[in-house]
J.: 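Attaching a single structure in structure tokens format; questions to follow.
Just so you know, ligand 1 is whichever comes first in the structure, and atom 1 is the first atom listed for that ligand.
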Amino acid sequence: MTGKSSNQMWGGRFASGPDAIMEEINASIAFDQKLYTQDIQGSLAHASMLADTGIISSEDRDKITDGLNTILSEIEAGTFSFSRQLEDIHMNIESRLTNLIGPAAGRLHTARSRNDQVALDFRLWVRGELERTQDALSKLIDAFLDRADEHADTVMPGFTHLQTAQPVTFGHHCMAYVEMFGRDRSRVRDALARLDECPLGAAALAGTGFPIDRHQTAKALGFSTPTRNSIDTVSDRDFALEFLGLASICGTHLSRLAEEIVIWSTPQFGFARLSDAFSTGSSIMPQKKNPDAAELVRAKTGRINGALIALLTVMKGLPLAYSKDMQEDKEQVFDAAETLELAIAAMTGMVRDMHILVEGMKAAAGSGYSTATDLADWLVREAGLPFRDAHHATGAAVAMAEERGCELAALPLADLQTINSAINEKVYGVLTVEASVASRTSFGGTSPQNVRAQVAWWRAQS
Ligand code: ARG
């Protein structure tokens, strides 16, 4: 027993206030104050609708509207004092409204509950974040398109198992990321489309007996339609889970890119040099330039994944409809959103600024017998061998080159002819890395002409 008076918003049946620990575990104002704009926006739309439907008077609506606008400027000016005793953003704002306009404030919560109110506020916040993510991804995609265009002809080794596989163009490698981040952006758009239903008016869980107009508030708040089931409306956090799901997938893509940048910028690989703006030095080893931003992006993906697992775990056993467990949704989403925005922005900067070491890529592209498949394909095409036999003959050529410590193109014709007599001097035309990439013109393949066509296709997309 604390001796404190009961809650001014809901304490009618309570003789005393909450224990200090109860107050601490219950309050969400420390983090949900982030929702103040959305809360006020929702209340303004609700108050207008209540007046238009004759549920409250237009005088009361005007008082409520003025009061809410005052509160908005107080919060923006930093003069609003948030109180933990008032639990959350909804009650902090309503309590201040009462101070400002008196009894008319008490009419605002007619035909509404904090359950539909929080579902609305959070949905509006996630909608804004999805729009920001969409824009950020577009900038990242644009950065990759520019680099792909610039390096459509730059040859690098393509890897499988991180072993040299076949030569590819760096432009094609960049376009792989355009595809990945393009899918991420389309997941954002899908989530926006599914989120486009307004929760306001579901009230506590069962709807209301007041003659509210949910279509009016939905429209005023920029939604296509109201939600169709009041129980689902106050129980649903799928929109937040979807955001965290798509953020986790996008984080995984960012992390793979970060890992490649870390590898490429080592002196051993020598494929890229990071700009000063996106790297750091060592306090003891003067020669070092460390890819810290890439490493941090790689690590921050863990936070986003953690947020997804945390919210899935919060939601998994909840009976319908609202339970207070759901208050734990916000911090995870806020943290993941901030992390994702920062990670995308850092990667966009790195991709734009990174200096590509064309000679280093090219030298690596030609080592490790990367054109062995081209030799096998040549034997199929020019000597009519079945691919399996051509593969075997090429294996023998690789063994011969390995024994002599030279590249395939350095093997004398006479020696190649001991492996297969049909080989002639034209074979040398396919053993260079440039010829190899130029030949890969199948749709989706790595040839410079394909890369340019793909860049043009993506630029024509919105
Ligand atoms: N602060 C609460 C939340 O974030 C608002 C909804 C409270 N509803 C209730 N019936 N206690 O979920």
J.: Could Arg127 and Phe223 be counted as a cation-pi pair, given that NZ or CZ must be under 6.0 Å from the ring centre and within 45° of the axis?
T.: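 Yes - Arg127 lies over the ring of Phe223, closer than 6.0 Å to its centre and within 45° of its axis.
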J.: Show the atoms of ligand 1 that are less than 4.0 angstrom away from any heavy atom in Ser28.
T.: 1 (N)
J.: Ignoring hydrogens and angles, tell me if any N or O in the side chain of Gln461 forms a donor-acceptor pair with the backbone of Trp457 under 3.5 Å.
T.: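 Checking the backbone N and O of Trp457 against the side chain of Gln461, a donor-acceptor pair under 3.5 Å is found.
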J.: Taking Leu205's backbone N and O only, do any of them form a donor-acceptor pair with Ser230's side chain (distance below 3.5 Å, no angle check)?
T.: yes
J.: Can you tell me which residue and heavy atom of the protein come closest to atom 11 (N) of ligand 1, and the distance to 0.1 Å?
T.: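 Ranked first by proximity to atom 11 (N) of ligand 1 is Arg114 NH2, 3.5 Å.
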J.: Considering only protein heavy atoms, which is closest to atom 8 (N) of ligand 1, and at what distance to one decimal place?
T.: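 It is Asn115 OD1, 2.9 Å.
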J.: Return the option from Leu35, Val234, Asn26, Asp88 holding the heavy atom at the smallest distance from atom 5 (C) of ligand 1.
T.: Asp88
J.: Heavy atoms only: which of Phe122, Phe31, Tyr322 lies closest to atom 7 (C) of ligand 1?
T.: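 Ranked by closest heavy atom to atom 7 (C) of ligand 1, first place is Tyr322.
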J.: Got the closest protein heavy atom to atom 1 (N) of ligand 1, with its distance?
T.: Gln327 OE1, 2.7 Å
J.: Could you tell me whether Glu94 and Arg114 have a side-chain N and a carboxylate O separated by less than 4.0 Å?
T.: no
J.: How does Glu87 reach ligand 1, if at all, at less than 4.0 Å between non-hydrogen atoms: by side chain, backbone, both, or neither?
T.: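 Answer for Glu87: neither.
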J.: Report, in ascending order of atom number, the atoms of ligand 1 lying under 4.0 Å from any heavy atom of Lys330.
T.: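 Per the distance check, 3 (C), 4 (O), 12 (O).
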J.: Classify the ring geometry of His173 against Trp264: parallel below 30°, tilted from 30° to 60°, perpendicular beyond 60°.
T.: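 Taking Trp264 first and then His173, their aromatic rings stand perpendicular (interplane angle over 60°).
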J.: Classify the side-chain pair Gln117/His46 by whether it contains a donor and acceptor separated by less than 3.5 Å.
T.: no
